[in-house]
Structures are given as structure tokens and as C-alpha cells.
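Structure first, then comments.
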There are 2 protein chains.
Amino acid sequence: MYKALKKDLKKIRESVNIRVDRFLPRKDEYPKNIHKAIRHSLFAGGKGIRSYMLIKIYSIFCEDVEPIMPLAVAFEMLHTYTLIHDDLPYLDNDDFRRGKPTCHKLFGEDVALLGGDTLLIYAFDIISQMEVADKVKAEILQKFSAMAGARGLIGGQWEDVNCEGKTVDKQKLAYIHSKKTAEFIKLTATLACLLAEASEEDTELLEEYAGNIGLGFQIVDDILDIEGTFQERGKSIGKDLESKKITYPALYGLQESKDEVEKLMMRAKEILDKFHDKGLMLQRFTDYIYLSKW
Amino acid sequence: MYKALKKDLKKIRESVNIRVDRFLPRKDEYPKNIHKAIRHSLFAGGKGIRSYMLIKIYSIFCEDVEPIMPLAVAFEMLHTYTLIHDDLPYLDNDDFRRGKPTCHKLFGEDVALLGGDTLLIYAFDIISQMEVADKVKAEILQKFSAMAGARGLIGGQWEDVNCEGKTVDKQKLAYIHSKKTAEFIKLTATLACLLAEASEEDTELLEEYAGNIGLGFQIVDDILDIEGTFQERGKSIGKDLESKKITYPALYGLQESKDEVEKLMMRAKEILDKFHDKGLMLQRFTDYIYLSKW
């Protein structure tokens with residue numbers, strides 16, 4: 001069912017990877033271990049959902065995706081930095097990620113710490129080198145750093161770790177999901193539309209679309225931690241329950257979680273309808289995110 | 001002897017701290033621990049050498065230092081992020097810094113990890129908000145991230161940790177000192193001159209000056225680890241020897257280290273002479289860095 005989509009995901013992932021490869025120092029360049037570790041995590045087989053959405057939303061408006069490619073690389077770098085630091089024993093203490101040993105298991109905690117730092121810096125570095133109007137660049141940087149900082153992603157990471165084993169309410173869960181995943185993914189729409197000079201109306205719609213995907217993706221991830229298998233997920237199963245991490249199903253129950261996912265999906269697809277043919281591949285992508293895994 | 005200088009250092013440190021305070025979320029803002037930890041480390045009594053040099057070099061050319069203040073904040077944030085991550089048990093495992101418990105000792109390793117990440121992001125954030133020509137901003141960002149990345153600071157940090165207990169040569173030591181300290185401090189001259197629209201000749205001279213201060217400062221630090229006291233240094237003494245860290249005196253001997261410092265100082269002061277009265281306070285500062293401590 002998802003043959004065309006999977007081909008498209010793969011094609012875009014590969015073309016992003018080529019840019020990543022071109023931007024990064026070679027793996028034998030000094031300091032070797034850091035560069036090896038970064039490459040390991042960046043090329044560990046992630047689907048590249050953030051860069052895919054960024055590029056596909058941009059291409060609703062513009063045929064030539066070249067101008068947005070550096071930003072796609074920055075999104076993958078920022079995402080990978082959060083994974084590397086999250087997996088460290090100080091935070092989630094995860095041994096597997098995408099079916100492979102995590103960065104610190106392979107390269108040591110010192111390398112993983114500095115490797116994550118490096119990716120964070122590289123993400124800003126590649127944005128600062130983009131060939132776009134300087135004013136647009138400054139706006140991208142501001143939105144990107146606001147999303148990544150303590151009022152954004154890091155706030156979500158912190159609460160996620162901090163709430164383990166505690167009783168938390170729905171408001172706190174919404175905060176974590178929003179900061180850790182949904183706003184990150186929503187920013188793909190904001191910045192794709194900014195670069196594509198999309199109308200305010202289209203920008204708002206696509207931000208809502210991306211926000212729905214972000215939240216839905218997080219809930220699906222929580223559900224799969226209960227219903228999935230190691231093989232499907234590439235990481236340890238039941239770990240959320242074991243570590244008493246709060247999840248959507250834990251607070252709302254499995255059925256309500258699935259209903260919520262369906263609601264988000266319906267609205268996401270309704271938005272895409274407005275873009276007709278231009279949104280076709282994103283329609284498939286939306287189905288895939290929401291339905292293909294259980 | 002250094003009364004006027006100390007007053008000036010204090011005045012500038014305070015005015016930078018006011019900007020830091022204004023930029024940061026309040027310490028009771030969510031996520032509280034992260035913001036408390038960041039404030040602890042930023043206000044832990046560091047001399048603020050980087051921001052001082054940036055501002056003083058800039059004011060050789062421009063009276064109003066307002067335009068460079070956000071960059072001064074960014075330098076202190078980047079510097080503090082490296083200290084927080086360096087002190088973590090994964091790297092140097094230090095319990096004291098500037099006479100106070102290190103960030104992770106007070107707030108936990110998880111907070112210190114995310115707090116360091118936050119400061120790194122904030123450094124880019126505040127630069128991206130600077131009120132300078134967008135072209136200049138892009139250039140600042142590129143130079144700043146190049147210095148901070150794995151080809152710069154992080155490369156130096158990695159080799160510094162990685163070489164503990166190993167036999168290393170003078171070339172490796174020069175690499176570490178250059179990447180970890182000297183190039184960082186040299187960048188204060190590069191960017192101060194860029195913002196002040198200084199001539200190419202003046203920029204090169206002041207870069208040499210700042211590079212000398214950076215290297216000299218590092219050698220002095222190594223010497224003080226042998227000859228200093230805990231009270232003078234605010235951190236554990238003899239730690240370099242104990243952890244078999246390579247230092248300048250270990251490779252060159254104490255006397256040759258002191259001679260090298262003197263040579264660097266003479267050249268630094270010779271450069272400042274060319275700026276006459278405008279360089280007076282930096283003359284005092286140079287003496288202070290090199291001579292006041294042994």
C-alpha cells in the first residue's frame with residue numbers, strides 16, 4: 001500500500017544524507033571518534049520524518065527544493081543531537097535506538113556528550129551558511145533556537161525525565177508532548193512556508209497539519225511501546241512502563257488514545273485536501289504515520 | 001597596582017551580567033532547575049575575561065559599546081556551557097569551579113547536561129537577535145560556530161580528555177591549547193574588529209594580541225596548578241598532575257614555561273603600544289593576566 005511513499009521517503013532520506021555527508025568532516029578527520037560517532041547516529045536508519053515533512057511542505061509551493069536542503073540537514077542534526085543526549089545514562093539510559101546500539105554504548109559517554117554538542121553547533125552552522133536573504137536567515141535562526149531551547153525542546157526533555165515515577169496530570173503530559181515532539185515537527189511547516197513565501201493562511205493550515213502529525217506521532221509511539229515488538233520498533237519494548245514514564249495511553253487508556261490519533265489524522269488529511277494534488281504524497285505519509293503500525 | 005583595572009573588570013562584568021539576566025528566563029520560570037543551574041554557573045564569579053576583551057578591543061574603535069553587548073553575553077554563555085559539560089563525570093569530573101561546587105554537584109548530572117545544551121542554544125539565540133546588518137550577523141554566526149565546533153573548541157576538549165595519562169608531544173599540546181583556549185579568545189578580537197569595522201591591519205594585530213593572551217592565560221593556568229593554592233584558584237590543586245593531564249610545564253619545565261609567558265606578554269604589550277591611550281586599560285589587563293599570580 002505504501003510502496004510509492006516508501007520509495008519517496010527513501011529517495012528524500014538519501015538526498016538529505018548526501019548533504020549531511022558533504023557538510024560533515026570526514027570520519028577519519030580529527031577528532032576521529034567524534035566524527036565517527038556523529039555519522040553513526042545520523043546514518044543509523046532513522047526515517048527522517050522531520051526533513052521529509054520540511055521538504056514536502058516546501059514543495060507544495062516550489063518545485064526546486066535545493067534552497068531548503070541545508071535546513072533539512074539542520075533539522076536532522078538537531079533531532080539526532082537530542083537523541084544522543086537523551087539516550088545517555090544521565091537521562092533516559094537507553095542501550096538501543098533504531099535497532100542499533102546507542103551512540104554512547106558504541107563510542108563511550110564522553111564521545112556521545114561531545115558528539116551531541118557538536119551536532120547542535122553544526123545545526124546552527126549550516127543554517128548560518130544558507131543562501132537565503134539575510135533577513136530570512138535571521139528569522140529562521142530565531143525560530144529554530146526558540147524551539148530548541150529551554151522554553152521548547154529542552155523543557156520537554158527535562159519534564160519527561162523529571163516526571164518518571166510521579167503522578168502527573170493531562171496538562172503536564174500535553175506540555176511534554178508539545179515541547180518534545182509536536183512543536184519541533186510543527187516548525188517544519190513554519191519554516192518551509194517562510195522559505196516558500198507561502199500565504200499566512202496556508203502557513204497556519206500547514207502548521208496545524210504538522211502539529212497534528214507531531215502529536216499523533218508521539219501518541220502512536222506511546223501505543224507501540226505497549227503493543228509493538230522489538231523488531232518493529234528497533235528499541236526496547238515496555239521501557240516506558242518499566243521506567244514509569246508517563247504516556248498518553250497510561251493517562252487516557254488505549255482506546256481513547258487510538259480515537260485521538262484518528263481524530264488528529266482526519267483533520268490532518270482534511271487540511272491536505274485543500275492543496276489537492278500537491279498534497280498527495282503527504283496524504284499517504286499521514287496514513288502511514290497513523291495507521292501502518294498496529 | 002591593579003586597582004583601576006579591577007574596578008573596570010568589575011564594572012564591565014556587572015554590565016554584562018545585567019544583560020545576561022535580562023536575556024535569561026527568570027529562575028522560577030519553567031523548567032526551574034535548568035534556569036537555576038544556568039544562573040548559578042553564569043554568575044559563579046568568573047572574571048569574564050572573554051567578554052572583557054571583546055568589549056575593550058571594540059572600544060579601541062567605538063565609544064558606544066551597546067552594539068557589542070549581546071555578543072559579550074554570547075561569549076560568556078558559550079564559555080559557561082563548555083565549563084558545565086567539561087566538569088561532568090564523563091569528562092573532567094570536577095567537583096569545584098571558581099571556589100563553588102560545580103553545576104552537576106549542586107543540581108545533578110541530568111540538569112547540568114541539559115543546562116549546558118541550553119546555554120549553547122541561547123548563545124546562538126542572542127546572536128541571531130543582534131541589531132546589526134544581517135550580513136555581519138551571518139559572518140559572526142559562521143565564525144562563532146566554526147570556533148565552537150569539532151574543528152575548534154570541541155576538538156580541543158576531546159583531545160584534552162583523551163590524552164590523560166598518555167605520552168603526548170609538543171604538537172598535540174599546542175593543538176589542545178590552541179583549540180581549547182587561544183582560538184576562543186582570539187575570536188574576541190576578530191569579532192570586535194568586525195563589528196567596529198576596524199582595518200585589516202588593526203584586525204590582524206589585535207588577533208595576534210588576543211591569541212597571545214589566550215595562550216599565555218592557558219600556560220599561566222597550568223603553572224598555577226603546580227604553584228597555586230586552592231584559595232587563589234577556587235578549584236582543586238594538583239589535579240592536572242594527579243589525572244596525568246598534559247600541561248605546558250610538564251613538557252617544557254617550569255622555567256621555560258615562565259619564559260614563554262614573558263615572551264608572549266612582551267609581544268602583546270608591544271602590539272597595544274600602537275593603539276596608544278586607547279590600549280591603556282588592556283595594557284594593565286595584560287600585566288594582570290601574566291604577572292599577578294606568582
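Labels below follow one simple rule: chain letters A, B, ... track the order of the sequence lines, proteins then strands, and each chain is numbered from 1. The structure presented is a predicted model; accordingly, all values stated were derived computationally and were not measured.
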Going by residue number, which parts of residues 171-192 of chain B are within reach of chain A, meaning a heavy-atom gap below 4.5 Å?
K172(B), Y175(B)

Apply side-chain contact (heavy atoms from CB on, under 4.5 Å) to L114(B) and Y90(A), showing your working.
CA-CA 10 Å; L114(B) 292 176; Y90(A) 293 158; over 6 Å; no

Greatest number of heavy atom pairs closer than 4.5 Å to chain A - which of N162(B), I154(B), I34(B):
I154(B)

Pairs of heavy atoms under 4.5 Å with chain A: top-ranked of Q157(B), E159(B), H35(B):
E159(B)

L106(A) meets the side chain to side chain contact (heavy atoms under 4.5 Å, CB included) criterion, sequence neighbours left out, with H40(A), P101(A)

Over all atoms of both residues, closest heavy-atom pair of A150(B) and P31(A):
O-CD, 3.3 Å

To the nearest 0.5 Å, tell me how far E109(A) CD sits from E109(B) CD.
11.0 Å

Going by side chain to side chain contact (heavy atoms under 4.5 Å, CB included), name the residues that satisfy it together with A112(B), two or more places apart in sequence or in a different chain.
I84(B), L88(B), C103(B), H104(B)

Tell me, out of I38(B), V111(B), N33(B), D117(B), who's got the most heavy-atom pairs with chain A below 4.5 Å.
D117(B)

Top contributor to chain B contacts, counting heavy-atom pairs under 4.5 Å, from A148(A), G155(A), A146(A):
A148(A)

Within residues 120-144 of chain B, contacts to chain A at heavy-atom distances under 4.5 Å involve L120(B), I121(B), Y122(B), F124(B), D125(B), S128(B), Q129(B), D134(B), K135(B), K137(B), A138(B), L141(B), Q142(B)

